[in-house]
Each structure stands twice: as C-alpha cells, then as structure tokens.
Amino acid sequence: MSELDANKKLASAYLERFAANTTTHFINGQWTSAQGIESFDNLSPIDNASLGKIASGNAADVDLACLAAQAAFPAWRDTPGAERKKILNRFADLLVERSEEIALVESSDCGQAIRFMKQAAVRGAANFRFFAEKAPEASNGQSLFQPEHTNITLRTAIGPVAVITPWNTPFMLSTWKIAPALAAGCTIVHKPAEFSPLTAKILAEISKDAGIPDGVWNMVNGFGETVGKSLTEHPAIKAIAFVGETQTGVHIMNQGAASLKRLHLELGGKNPVLVFDDADFERALDAVVFMIYSLNGQRCTSSSRLLVQSGIRERFLEALKTRVSNLRVGHPLDPDTEVGPLIHSTHCEKVMSYMDSAKDEGATIAVGGARFTDDKVSPDGNYVQPTLFTGANNSMRIAQEEIFGPVLTEISFDTEEQALAIANDTPYGLTAYAWTSDQSRSMRLAHKIETGMLWINSENNRNLPSPFGGIKLSGIGRDGGDYSFEFYMETKNICMAHGTHRIPQLGK
Ligand code: NAD
C-alpha cells in the first residue's frame, strides 16, 4: 500500500466519529447535546464532501460558556502555579500521544500538506511545556525602592478570556494562545474557525483528560457574526485574543469597546522579502520559495511580495520560475505533496480573482495562473496552481492586498532606498525578510523597516520567548514569553510607606 493510501485509511478511521456525530460545544467540562440544534456541514478542501456536521452556536450557548469560565476562574487563578505547571505538562504529553491523529485530522480539515502537519502536535506540546514552566513564577512582579516608600508589583490573571482562531493553521494557533492564558491562571472560551473546527474538539477532549478542571476550558462552535460577536460582547470576558483578518479585527474592536475589553489582534500581512544583489543566492531562493508556497500560502507570515534587486533579477527569476513550476501539488495526505488544496471554494474563488487582476493591471503571469487539475486529485477539490507574477509595481492590487494563497508577486528595485520605500508602502506591517551579506545594510533596514518582525538571511523561525506580532493594520500586541503574560495578566502596584515621609497637613 502506498504511503498516501495508508494515510487515507488512517485518516478516515480518525474522521469517522466526526462524520457520525455532530461536533457540539464543550461547556463546563461537558459536550452539549446535538438534539434539536442548528448545525452546518464542514466541507473538506480535498473534494468538498462533508466531513460531518458542526453545531452552529448562538448567544445562549456563548452565555453558558462565559458563565462557566467566570465561575471556574477564581479557583484556577488561585491554583498554585506548580500545580498548573503539572497539569499543562500532562496536557503536552497527551498531545504527543495523539500526534498522528492530530496531524491527519488537521491535514484533512484544512488542506495543509501532511509534511508540514506531522510535527504540529509536537510543536503544540512544546508551546504548552514552555508556558507550563513559567506558571509558578507568573505572579512575580518587581520590587522598586524609594527612600521613604517601597513599591512592589504583583501580577494576577485578568479573568476569563475569549480565544478566537482562524482556519489556516487552527491547531497551532490555538495552542499559542491557550497555553499562556492557562499558565497565567485565566479561564478560556475558545471559538474555532467555522471552516476547520475539528482539532479544536481534540484539544477540548485532551483538556478533560489532562485534568484541567471543568469550566476552565470551554469551546463554542459556530460563525463569527453570531458566536464570535456574542463572545466579544459578553461582560464576563475580560480580554480577547484574536487571530484573523484585519477587517474582522476592526469589528472586534468595536464589539468589545462597550465593555472595554483588552485586545490582542494578530491580523493580515503583505510581507516583503528583499533580495539584494549580494545575497546568498541559493539560500535566498530556498527561503523565498518556502515562505510563500509552504502551507499553501495560507500563512500570515508568508513573504507574498518579492522585491529583487536589478543586478541579480534575471538570474533569480529564471531559477525561481523553475522551482515554482516544479512544486508538487497534490492530495494533502500524500507525503510528497508540497502544495495542497485551499481551505474553501469561496476562498479559492477569491485567490483566482487575483489572476484576472494581475492580467488587467499589466503584470506577467510567469508561472501558474489557473486552477490545478490532474488525475491524482479530485476535480471537486480547491486546488490552485502555484503562481508567480513578475514585473509588478507596488500600486497594483496583487502587491497591496493579502491574497492568502500560493501566489507570489515580484517587483524589482535598484537601490536600498527604493527597496525600503516599496517594502513600507503597504497598510500592513507584520513581518519582512531581507537577504544581504552586508551587515551594515541589515542594521539600517532593521531600524527603518515598518514591521513587527524582520528576519535577516532566514525564513520564519519561531523562538518561543521572542515577541511575535505586527504593527499598522497587522495588529496590536505580541505573543511569546513574557509578552504573553503581559496580555493575560493585570499588574497591581502596592506602595508601602516606611512611616518616615511628611504627609501634607491640610486644615490644621
Ligand atoms: P477571519 O477574520 O475571517 O476569521 C477568524 C475568526 O474570527 C473565525 O473564527 C471567525 O469565525 C471569527 N469571526 C469572524 N467575524 C467575527 C466577528 N464579527 N466577531 C468575532 N469573531 C468573528 O479570518 P480567517 O479568514 O479565518 O483567517 C485568515 C486571516 O487570518 C488572514 O488575514 C491571515 O493573515 C490572518 N492570520 C494572522 C496571523 C497573525 O499571526 N498575524 C496568523 C494566522 C492568520
């Protein structure tokens, strides 16, 4: 049996229960009933067949989940950090135990190639272990001395938080948010994306098995306009950790304003990769291809704008065209597949609309530009050819808008100043990548480039203590290490007088 067939067989065994029973909500440690509720079909990107029914939650479901999170909060906040650490490490162990299932279900549900999903559970477990280690120290603040007063700061969990995640890499992004929230002592209500909700169920199951107390972890399925909206307006929720589109972030800011919610928004990007004449050619080429065509280009940190210097442009584009033409599109469970199907037919249409846009605006479609078909993939799946637009300028829609597919837009430049101006000429500011052997240039770019993150001579490399997040329309706030605790915790200052200072004496 081929590895693809073996994976398909295993995946269908894991997916069977999702097909057989509606995936409901997880509230106060219980799965809600599927009787008499509204639901919708969860469609597979592979062939648009239903993977099963998903409960479509409403305001009443959200209310129950938020009240459960509120009731469970004081006890979880006051659970000693060492105990939270133990539970979160147990959670990580269980993730690893179910890593095969997580990889196959995630791949089938969101169309990401199995080669990129294989390590998902292990990386998710690493997130949990990293924050578990920090739980015992999470409340520690600072001691700040003055001659006549001593200030000490304490940190305390902010309260129940909403975690709202997108469909592109739902499992990984959920662990990024939920691990620090729980380590800090917050309780959560998770709303997974309606297009890829399956691994959120597995996560909730593991929370129970790991001994996370009832009500600490709640999950409500459904649509953004209903479940998401109610959640972001609910008075019990103190903060919203959101990952998704910029426009949704704007809605969430408005929805949360009346109850003054704290917000962490990780939004879209149109990230540039700057390749200078003095770049390490082969490494730059590898990274450029990897950072837009891996994860089907459905990646917030994808380098979707290639800015290439005129001296190497011709050679670089020739090599790039060959590599893009060689990319292996296929079934996501095939270990050979590099690019899988896009999440949904509507998203596929959106991506395809940029092919027309590129033509209308006068760019060249150097590779791709059409739907992908062959006898190895279903004609009903959401497959798109890896695409390269060349000869673009930065005012074109293909250079300004987030396409979120395997589509790269190339723009040439002559000087460092031009490269910087083009890189910054975008409403987004999530990340940038620069390839150059000139260290002084790297430092000049580091100071002037308008992004939350810059990788120099590297593809995206995640270091858990380092801050992750964007500026401009790419978001507000940072994930990672202590930056996460800043978000999930309140800082309280206690000022103690030494009894020696003079108090103003009014009316004496
Ligand atoms: P989306 O904004 O459509 O949906 C994200 C989540 O928000 C979903 O769960 C959705 O149901 C919910 N939602 C929608 N409307 C809502 C509302 N009014 N109130 C509350 N919740 C609502 O995003 P998507 O299409 O699922 O994901 C793709 C986007 O996510 C891209 O723009 C991508 O760049 C971004 N993203 C950013 C990062 C980052 O770290 N910056 C990471 C991954 C994805």
Side-chain angles (χ1 to χ4, degrees), residues 40 42 45 54 56-57 59 62 109-112 161-177 189-200 219-234 237 240-257 261 263-271 291-292 295-304 342-344 346-348 350-351 401-405 426-432 451-453 460 462 466-480 483-484:
F40 60 93
N42 175 29
I54 308 294
S56 177
V62 171
D109 199 17
C110 55
Q112 302 287 13
V161 301
V163 176
I164 303 181
T165 47
W167 47 254
N168 59 324
T169 48
F171 171 81
M172 184 54 62
L173 290 168
S174 304
T175 69
W176 270 25
K177 300 288 170 194
V189 181
H190 180 204
K191 193 210 104 50
E194 50 272 41
F195 284 171
S196 56
L198 299 190
T199 46
M219 189 268 290
V220 182
N221 277 300
F223 295 97
E225 299 73 21
T226 46
V227 173
K229 184 167 185 294
S230 307
L231 187 54
T232 52
E233 290 173 344
H234 200 284
I237 296 294
I240 305 167
F242 171 73
V243 187
E245 283 183 20
T246 297
Q247 196 47 47
T248 315
V250 172
H251 289 312
I252 286 177
M253 247 184 153
N254 285 323
Q255 291 159 196
K261 303 256 193 282
L263 292 177
H264 182 178
L265 304 176
E266 284 184 5
L267 311 174
K270 190 72 185 177
N271 312 300
M291 278 316 303
I292 181 66
L295 301 180
N296 305 342
Q298 296 172 159
R299 178 181 200 149
C300 57
T301 50
S302 71
S303 55
S304 50
L342 303 189
I343 184 72
H344 196 272
T346 53
H347 182 60
C348 198
K350 178 191 147 185
V351 171
E401 296 176 16
E402 186 184 43
I403 300 174
F404 221 55
T426 165
Y428 295 110
L430 184 58
T431 179
T451 68
M453 297 170 283
N460 171 337
R462 182 80 188 103
S466 300
F468 182 103
I471 62 169
K472 295 160 79 175
L473 291 191
S474 290
I476 299 173
R478 296 291 180 272
D479 260 326
Y483 298 93
S484 296

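Ligands are counted one by one from 1 in listed order, and the atoms in each one are counted from 1 as well.
Considering backbone and side-chain N/O of Asn168, none are found under 3.5 Å from N/O of ligand 1. The shortest N/O to N/O separation between Ser474 and ligand 1 does not fall below 3.5 Å. Of the polar atoms of Leu267, at least one N or O is found under 3.5 Å from an N or O of ligand 1, judged by distance alone. By the 3.5 Å distance cut-off applied to N or O atoms, Thr246 is not counted among the residues near ligand 1.
No heavy atom of Phe195 sits closer than 4.0 Å to any atom of ligand 1. Taking a 4.0 Å cut-off on heavy atoms, Pro192 registers as neighbouring ligand 1.
Annotation: atom 35 (C) of ligand 1 to nearest protein heavy atom, Gly244 O, 3.3 Å. Counting only heavy atoms of the protein, atom 26 (O) of ligand 1 lies nearest to Trp167 CD1, 2.9 Å. Nearest non-hydrogen protein atom to atom 7 (O) of ligand 1 is Phe242 CE1, 3.2 Å. Nearest protein neighbour of atom 15 (N) of ligand 1, counting heavy atoms only, is Thr248 CG2, 3.3 Å. For atom 6 (C) of ligand 1, the closest heavy atom belonging to the protein is Thr165 O, 3.5 Å. Ranking the protein heavy atoms by distance from atom 40 (O) of ligand 1 puts Glu266 OE1, 3.0 Å first. Among protein heavy atoms, atom 19 (N) of ligand 1 sits closest to Gln255 NE2, 3.0 Å. Nearest to atom 31 (C) of ligand 1 among the protein's heavy atoms is Glu402 OE1, 3.4 Å.
The part of Leu173 lying near ligand 1 is the side chain, judged by heavy-atom distances below 4.0 Å. Counting heavy atoms under 4.0 Å from ligand 1, residue Ile164 touches it through the side chain alone. Neither the backbone nor the side chain of Thr301 has any atom closer than 4.0 Å to an atom of ligand 1 (non-hydrogen atoms only). Under 4.0 angstrom from ligand 1, there are no non-hydrogen atoms of Gln247.
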Contacts under 3.5 angstrom, residues 240-253 side chains, donor-acceptor by atom type, not counting sequence neighbours:
unit_1: Thr246; atom_1: OG1; unit_2: Gly268; atom_2: N; d: 3.4
unit_1: Thr246; atom_1: OG1; unit_2: Leu473; atom_2: O; d: 2.9

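In this structure, atom 4 (O) of ligand 1 has its sub-4.0 angstrom surroundings free of protein heavy atoms.
Nearest heavy atoms, His264 versus Ile476: CD2-O, 3.0 Å. Pro45 and Gly111 get closest at one heavy-atom pair: CG-N, 3.6 Å. The minimum heavy-atom distance linking Ile237 with Leu231 is given by the pair CG1-O, 3.7 Å. Listed here is the closest heavy atom pair of Gly470 and Arg478: O-NH1, 3.0 Å. Closest approach of Gln298 and Phe404 over heavy atoms only: CG-O, 3.4 Å. Nearest heavy atoms, Glu266 versus Phe468: OE2-O, 3.7 Å.
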When you look at Asp109 and Ser196, which way does the side chain to side chain donor-acceptor pair (under 3.5 Å) test go after all the steps?
CA-CA 5 Å; Asp109 199 17; Ser196 56; 4.8 Å; no
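Using a 4.0 Å cut-off to heavy atoms of Cys300, the atoms of ligand 1 that qualify are 34 (O), 36 (N), 37 (C), 38 (C), 39 (C), 40 (O), 41 (N), 42 (C), 43 (C), 44 (C). Close contacts of ligand 1 with Leu430, meaning ligand atoms under 4.0 Å from a residue heavy atom, involve 41 (N). Atoms of ligand 1 lying under 4.0 Å from any heavy atom of Gly268, numbered from 1 in the order shown and given with element: 32 (O), 34 (O). Interface of Ile252 with ligand 1, defined as ligand atoms under 4.0 Å from a residue heavy atom, comprises 19 (N), 20 (C), 21 (N).
By the 4.5 Å heavy-atom criterion applied to side chains, Glu194 and Val227 are not counted as neighbours. Contact check for Lys177 versus Asp479: side-chain heavy atoms found under the 4.5 Å cut-off.
Within the set Glu225, His190, Glu194, the minimum heavy-atom distance to atom 10 (C) of ligand 1 is found for Glu194.
Asn271 places a side-chain N or O within donor-acceptor distance of the main-chain N or O of Thr431, the cut-off being under 3.5 Å. Judged by distance alone, with hydrogens and angles left aside, the side-chain atoms of Lys261 form a donor-acceptor pair with the main-chain N or O of His234 at under 3.5 Å.
Taking the six-membered ring for Trp and the full ring otherwise, Phe40 and Phe223 have centroids separated by under 6.0 Å.
The side-chain hydrogen bond (donor to acceptor under 3.5 Å, both in side chains) analysis of residues 161-170, with sequence neighbours excluded, yields the pairs Thr165-His190.
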